[in-house]
Peer 1: 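Attaching a single structure in structure tokens format; questions to follow.
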Amino acid sequence: MAGSNAPQISPPRWLLAELTYSCPLQCPYCSNPIDYSQYPEELDTGEWQRVLSQARKMGAVQLGFSGGEPLTRKDLPELVSHASDLGYYSNLITSGYGLNEEKIVQLQQAGLDHIQVSIQASTQELNDHLAGTESYQHKKKVAHLVKKHGYPMVLCVVIHRENIHQMQQILEMAIELEADYLELANTQYYGWAHLNRDLLLPTREQFLEAEAIAQRYKKRLAGKMKIYYVVPDYYEDRPKACMNGWGTTFLTIAPDGTALPCHSARSLPGLDCPNVRDYSIAEIWNESRAFNFFRGTEWMKEPCRSCDEKRKDFGGCRCQAYLLTGDMYNADPVCSKSPQHQVIEEAIAAARRSAEQTEAPLIFRNSRKSRELSGGK
Amino acid sequence: MSINPDDIFAFSPQHRLQWEEAQQKDVILYPEGMVELNQSSVEILKMCDGSRNLQQIVHDLEQKFGTTGLKDDIIQFLEIALQNGWIERTTN
């Protein structure tokens, strides 16, 4: 594969271990693939331990245990303990569902470094509606327990049209819960979120108002709470530097062992993503077709190819280019230089129309719906 | 963020300082982030062990490396480290 123009390969730094697609919540913006129900087979404990060891040896050090809801895996403490022995800095990315004080202590003893709890909204009614589960009170209790046991407390709230009006209350909630970090993640429109885009995408006015509030709090809370504000790329002029560049930093392992350069790369055609059951992490990272596919800048078409910003944003997101233009080699259409940029403007207009009308219901993420949408299997 | 001569510095319990074999570098790890450190930053951070104030850090580092005139660089780095929450201070 490596020709003389091949870009130099840097080792992985961040490993996202999606332990399972099982989840008691049904968030309509879930980042799992729509057809997740078609991949029911999960790696076993030994296989995960091997993946963790191999990736660590290559240089991965930030580790996220994710899902689905990773707490549904009975072997989580065992995996956390293995990760800790290897020197990972490990993070449990959880809905908080199924977490109690005993488990928090058990995971800490196993060597877990921090816990990221997601809350859907600042009120019980909206939180429970979005999660499709009664979970608000329990999540707040979990946040208090995380704090009580001395973990850095990371709160994550996904932002969209149903909760963006609560921006100030969300920030106040984070202060009340004594969060050390608050991630305000504007929804990225892939998978389930793309399916529900008309209902989730805020209008420009809503987005500008919410951002101004977030920035005001960010300044006020500097030194006390670190706020990560993930911008909604539909309202940006330039695309995000997706994954810090393809195959440079991030490695995702899906529940069934498929290795992905980003968590939605499974949607791209002809990538032939390798599985950790067949190859080592080193083979996957260095030699596989999938991980070399969009490395460097050789693959680019115009306007990216001659763009002076191509090493800054790498042409944006490949999955978004494919999802919205049908060609994964195209510039990410959120870029104002993209010849297909009108698809973004149309999406914004469609969301505005939907915001002004009576609304169709959200499609909640669950296995029945996933089977329906992947051809009724 | 000015530094008081009585401030005692300690590495933050909410961060982790760790040698990375694959990178041949020390790094600071924290939720959602990692900072790669150069050699002089690491030497200063290792002095922040909850027992030294500014004068002692300057003295011990100048002695260790057989040099003088490190004070301004050390102050500059401590200010950055405080701002980023990598270290904490208590006043004696």
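Below, chain A is the first sequence line, B the second, and so on; all start at residue 1. The shown structure was predicted, so the numbers you read here are calculated from the model rather than taken from an experiment.
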Peer 1: For chain B, which of P11(A), S10(A), G87(A) has the most heavy-atom pairs under 4.5 Å?
Peer 2: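 The option with the most such pairs is G87(A).
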Peer 1: Measuring from atom CG of D113(A) to atom NE2 of H15(B), what distance do you get when rounded to the nearest 0.5 angstrom?
Peer 2: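 Taking CG in D113(A) and NE2 in H15(B), the distance rounds to 12.0 Å.
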Peer 1: Above 12 or not: heavy atoms from other molecules or residues under 6.0 Å from OH of Y228(A)?
Peer 2: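 Counting other residues, nucleotides and ligands, OH of Y228(A) exceeds 12 neighbours.
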Peer 1: Based on non-hydrogen pairs under 4.5 Å, which of P13(B), P31(B), A22(B) is most in contact with chain A?
Peer 2: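 Of the candidates given, the most pairs with chain A belong to P31(B).
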Peer 1: Name the region of E32(B), side chain, backbone, both or neither, that has any atom closer than 4.5 Å to a heavy atom of chain A.
Peer 2: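 Looking at E32(B), backbone and side chain both touch chain A.
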Peer 1: CG of L29(B) to NE2 of H114(A): how many Å apart, nearest 0.5 Å?
Peer 2: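 These two atoms lie 9.5 Å from each other.
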Peer 1: Dump the intermediate steps for side-chain contact (heavy atoms from CB on, under 4.5 Å) on Q14(B) and M153(A), then the final yes or no.
Peer 2: CA-CA 10 Å; Q14(B) 303 257 333; M153(A) 216 265 276; over 6 Å; no
Peer 1: Counting heavy atoms not belonging to Q215(A), are there more than 12 under 6.0 Å from its CD?
Peer 2: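 Correct, the count exceeds 12.
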Peer 1: So for Q18(B), is it side chain, backbone, both, or neither that comes closer than 4.5 Å to the heavy atoms of chain A?
Peer 2: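 Only the side chain of Q18(B) comes within 4.5 Å of chain A.
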Peer 1: Counting heavy atoms not belonging to K147(A), are there more than 12 under 6.0 Å from its NZ?
Peer 2: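 Yes.
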Peer 1: Heavy-atom cut-off 4.5 Å, strictly under: side chain, backbone, both or neither for Y89(A) against chain B?
Peer 2: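 The answer is both parts of Y89(A).
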Peer 1: Counting only heavy atoms from other residues, nucleotides and ligands, does the tally under 6.0 Å from CD of Q55(B) exceed 12?
Peer 2: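 No, CD of Q55(B) has 12 or fewer neighbouring heavy atoms, counting only those of other groups under 6.0 Å.
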Peer 1: Quick check for you: among D180(A), V154(A), N91(A), V61(A), which has the greatest number of heavy-atom pairs under 4.5 Å with chain B?
Peer 2: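 Among the listed options, the one with the most contacts to chain B is V61(A).
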Peer 1: What closest approach, in Å, do W14(A) and M34(B) show between heavy atoms, and which atom pair accounts for it?
Peer 2: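 Where W14(A) meets M34(B) most closely, the heavy atoms are NE1-CE, 4.5 Å.
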Peer 1: Counting distance only, does the side-chain N/O of Q62(A) pair as donor-acceptor with the main-chain N or O of Y30(B) below 3.5 Å?
Peer 2: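 Answer holds: yes.
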Peer 1: Keeping Q23(B) on the side-chain end and G59(A) on the backbone end, is there a donor-acceptor pair under 3.5 Å?
Peer 2: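 Side chain of Q23(B) to backbone of G59(A), a donor-acceptor pair under 3.5 Å: no, none is there.
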Peer 1: With a 6.0 Å cut-off (strictly less than), is the heavy-atom count around NZ of K240(A), excluding the residue itself, greater than 12?
Peer 2: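 Check passes, neighbour count above 12.
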Peer 1: I'd like to know if E21(B) pairs up with R56(A) as an ion pair, taking the criterion as any Lys NZ or Arg NE/NH1/NH2 lying under 4.0 Å from an Asp or Glu carboxylate oxygen.
Peer 2: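 Not counted as a salt bridge, because no side-chain N and carboxylate O are separated by less than 4.0 Å.
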Peer 1: Does atom CZ (F250(A)) have a neighbourhood of more than 12 heavy atoms from anything else shown, all under 6.0 Å?
Peer 2: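 Yes, CZ of F250(A) has more than 12 neighbouring heavy atoms, counting only those of other groups under 6.0 Å.
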